[in-house]
Amino acid sequence: MLELRFIRENLDLVREKTARRGKEEQLLDTFAATDSRRLSLLAEVEGLKSTRNTVSEQIAELKKSGRGAEAEPLIADMRRANQRIKELDGELGGIEESLMGVVMAIPNLCHDSVPVGKNEEDNLQVKIWGSKPAFNFPPKPHWELGEDLGILDFERAAKLSGARFALLKGFAARLERALINFMLDLHTERHGYTEVLPPFLVNTPSMTATGQLPKFADDLFRIADHDLYLIPTAEVPVTNIHRDETLEENELPRKYTAYTPCFRAEAGSHGRDTRGLIRQHQFDKVELVQFTTPAQSEEALEGLLADAEQVLQLLGLHYRVVVLCSGDLGFSAAKTYDIEVWLPGQDCFREISSCSNFLDFQARRGSIRYRPSGQKKSRLVHTLNGSGLAVGRTLLAIMENYQQEDGTIGLPEVLLPYMQGRL
RNA sequence: GGAGAGGUGACCGAGUGGCUUAAGGUGCACGCCUGGAACGCGUGUGUACGCAAGUACCGUGAGUUCGAAUCUCACCCUCUCCGCCA
């Protein structure tokens with residue numbers, strides 16, 4: 001969420017930056033009208049309340065000094081004033097609700113280093129690492145490899161749960177677990193993150209702070225009869241650890257890593273990526289989350305990206321980094337790097353990590369602050385997060401990149417300690 | 001799920017209708033004192049909205065009242081005991 005006063009004073013800038021994302025410019029007109037209506041209502045009702053407070057004190061004085069009778073006309077006045085206050089408060093409540101609706105729907109401002117563009121075709125490649133592995137046989141997609149080896153079972157998963165679920169067996173299940181441990185060990189031991197294991201169900205305020213609600217409820221699974229949602233990413237519980245808190249400046253940056261399963265309804269993606277592990281309702285992810293001062297966040301994004309890249313480098317997987325253009329940027333993000341891993345079985349790069357700087361957009365929604373050393377006024381922190389990495393996609397990338405002519409799968413050396421040294 | 005106790009500022013803790021402008025303490029910041037420190041003394045110490053005056057905020061939401069931290073109702077959370085359970 002952007003600051004109310006900032007939008008009011010920079011209406012054209014916000015309008016222009018929202019337009020760069022290619023959406024919802026008319027929101028800003030609604031904002032302007034609703035905002036000024038709110039301000040005038042506020043002035044009127046606060047004036048009345050101010051009077052009421054003064055008069056109530058007078059009434060107290062009169063009653064105390066035994067002149068209760070003289071208070072009667074004042075009390076009658078206040079009864080009338082309260083009528084009006086009630087009306088205005090009611091109207092104000094309605095206005096504020098719709099204003100909130102508008103402000104919550106305005107996306108973050110994109111960072112000036114973000115290329116302007118319409119969709120993913122305008123994303124800018126900023127780095128490429130490694131090279132495509134050479135095969136002297138036609139490489140297969142992971143679903144064929146997995147079904148042939150009996151380690152990926154989509155049919156039975158469909159029986160259990162439906163489409164977009166997978167049953168991992170034997171080597172695949174073991175490899176999934178190995179990858180989780182490998183990633184967590186790397187980030188905690190070498191990159192300075194603190195490991196956390198958060199709840200996988202969160203409430204509405206948590207989903208609202210990170211930006212999934214109110215706009216994107218359709219993407220979430222909700223628990224019937226409870227104010228609880230299955231998390232679509234560990235970003236939600238981990239960022240919310242410090243919701244409604246004030247941190248000390250010397251505690252920043254704070255870096256957390258968490259393994260969680262992630263649950264996504266994938267509404268609106270019917271027919272896309274229907275085969276294999278690419279797009280599931282449930283998948284595992286190791287997430288990186290950072291809380292920083294405003295001065296630190298730009299550099300922190302580069303660091304977070306490097307931490308995620310390190311996983312692929314150690315696994316020996318060919319990848320590239322793209323910076324998302326304005327039109328492809330997520331709602332809450334000011335800047336996002338996607339890491340895309342090479343998949344020889346499908347002859348393309350696919351997203352395996354998304355690393356974003358949210359500036360104070362989430363911090364304002366969740367009231368996450370820090371106190372600059374020696375100052376009494378607190379400020380909003382900056383939040384960042386990124387996948388480090390999506391575990392399911394890492395698994396399938398290993399399967400496709402390390403496949404052998406006989407249909408078996410090799411292993412990156414760094415995983416051997418996690419796989420008891422063998423398949 | 002049942003019974004009981006409780007939720008007040010960064011923290012502890014007082015406060016059952018109007019000098020509460022939330023006492024007192026701890027912590028923290030700044031200043032004085034000191035060769036330097038401790039002790040002591042003094043000052044300050046939240047958030048949101050608003051250009052400001054000001055308004056709102058004592059778990060959340062409704063209500064009663066001229067006036068609510070304080071009274072009423074509902075809900076949420078924490079603790080103890082019981083039941084159930086991995």
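Below, chain A is the first sequence line, B the second, and so on; all start at residue 1. Atoms considered below: every heavy atom in the structure, side chains included; atoms not considered: hydrogens, waters and symmetry mates. No experiment lies behind these values; they were computed from the predicted model shown.
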- Involving RNA chain B, stems made of at least three consecutive Watson-Crick or G-U pairs, both distances under 3.5 Å: B:1-7 with B:76-82, B:10-12 with B:24-26, B:27-32 with B:40-45, B:46-49 with B:54-57, B:59-63 with B:71-75
- What interatomic distance, in whole Å, is found between P of B:G9 and the corresponding atom of B:G15? 16 Å
- Integer-rounded Å distance: B:G50 P and A:Arg37 CZ: 17 Å
- Query: Can you tell me how far C1' of B:C49 sits from CD of A:Glu9, to the nearest Å?
  - Reply: 13 Å
- Centroid-to-centroid, A:His382 to A:Phe361, below 6.0 Å? no
- Query: Roughly how far, to the nearest 0.5 Å, is CD of A:Glu351 from CG of A:Asp338?
  - Reply: 4.0 Å
- Item | Student check: side-chain heavy atoms of A:Leu4 and A:Phe31 closer than 4.5 Å | yes
- Heavy-atom pair of closest approach, residues A:Thr210 and A:Gln362: O-NE2, 3.2 Å
- Item | Donor-acceptor contact below 3.5 Å, side chain A:Thr260 vs main chain A:Cys262 | no
- Would you mind reading off the distance between A:Arg38 atom CZ and B:U55 atom P, rounded to a whole angstrom? 16 Å
- Using a 4.0 Å heavy-atom cut-off across all strands, classify A:Asn53 as base, sugar-phosphate, or nothing. sugar-phosphate
- Task: Salt-bridge test for A:Lys140 and A:Asp148: reply yes if a basic N is under 4.0 Å from a carboxylate O, no otherwise.
- Result: yes
- Message: Please confirm whether the shortest side-chain N or O distance from A:Arg369 to OP1 or OP2 of B:A10 is below 4.0 Å.
- Response: no
- Query: Can a salt bridge be assigned to the pair A:Glu340 and A:Arg393 using a cut-off of 4.0 Å between side-chain N and carboxylate O?
  - Reply: no
- Item | A:Arg79 or A:Arg5, whichever maps to the more 5' nucleotide of RNA chain B | A:Arg5
- So which one's nearest nucleotide on RNA chain B is more toward 5', A:Asn82 or A:Thr54? A:Thr54
- Item | For atom CD1 of A:Ile75 and atom C1' of B:C66, their distance in whole Å | 5 Å
- Message: With a 4.0 Å cut-off on N to O distance, would you call A:Glu155 and A:Lys159 a salt bridge?
- Response: no
- To the nearest Å, give me how far apart CG (A:Leu99) and P (B:A48) are. 17 Å
- Item | Taking every non-hydrogen atom, the tightest pair across A:Gly330 and A:Arg21 | O-NH1, 2.8 Å
- Task: Check the distance between B:A48's C1' and A:Leu42's CG and give it to me in whole angstrom.
- Result: 11 Å
- Message: For A:His187 together with A:Tyr256, are the ring centres under 6.0 Å from each other?
- Response: no
- If you measure from the C1' atom in B:U21 to the same atom in B:G46, how many Å do you get, rounded? 15 Å
- Contact class for A:Thr246 vs. all strands (heavy atom < 4.0 Å): base, sugar-phosphate, or nothing? nothing
- Go along nucleotides 70-79 of chain B 5' to 3' and tag each nucleotide: B for a protein heavy atom under 4.0 Å from its base, S when only backbone or sugar atoms are that close, - otherwise. ----------
- Query: Is the distance from OP1 or OP2 of B:U55 to the nearest side-chain N or O of A:Ser50 less than 4.0 Å?
  - Reply: yes
- With the threshold set at 4.0 Å, does a side-chain nitrogen-carboxylate oxygen contact exist between A:Lys127 and A:Glu309? yes
- Taking atom P in both B:A22 and B:A37, what distance in whole Å separates the two? 36 Å
- On a whole-Å scale, what distance lies between the P atoms belonging to B:A14 and B:G7? 9 Å
- Message: Work out how far the P atom of B:G2 is from that of B:C75, and round it to whole angstrom.
- Response: 11 Å
- Message: Counting the atoms with a prime plus P, OP1 and OP2 as sugar-phosphate, which does A:Arg8 contact under 4.0 Å by heavy atoms, base, sugar-phosphate, or nothing?
- Response: sugar-phosphate
- Query: Does A:Glu57 make a side-chain donor-acceptor contact with the base of B:G18, cut-off 3.5 Å?
  - Reply: no
- Item | Candidates B:G50, B:A53, B:G18 - which lies nearest the side chain of A:Glu46 | B:A53
- Rounding to the closest angstrom, what is the interatomic distance between B:C33 and B:C12 at atom C1'? 30 Å
- Message: Without decimals, in angstroms, what is the distance between A:Gln58 CD and B:G67 P?
- Response: 15 Å
- Query: Where the side chain of A:Lys86 is concerned, which of B:U64, B:C66, B:C49 is the nearest nucleotide?
  - Reply: B:U64
- Query: If we take the C1' atom in both B:G18 and B:U70, what is their distance in whole Å?
  - Reply: 12 Å
- Query: Can you tell me if the side-chain N/O atoms of A:Lys49 get under 4.0 Å from OP1 or OP2 in B:C66?
  - Reply: no
- Message: Taking the P atom in each of B:A3 and B:G59, what is the distance between them to the nearest angstrom?
- Response: 24 Å
- To the nearest angstrom, how far is A:Ile85 atom CD1 from B:U65 atom C1'? 13 Å
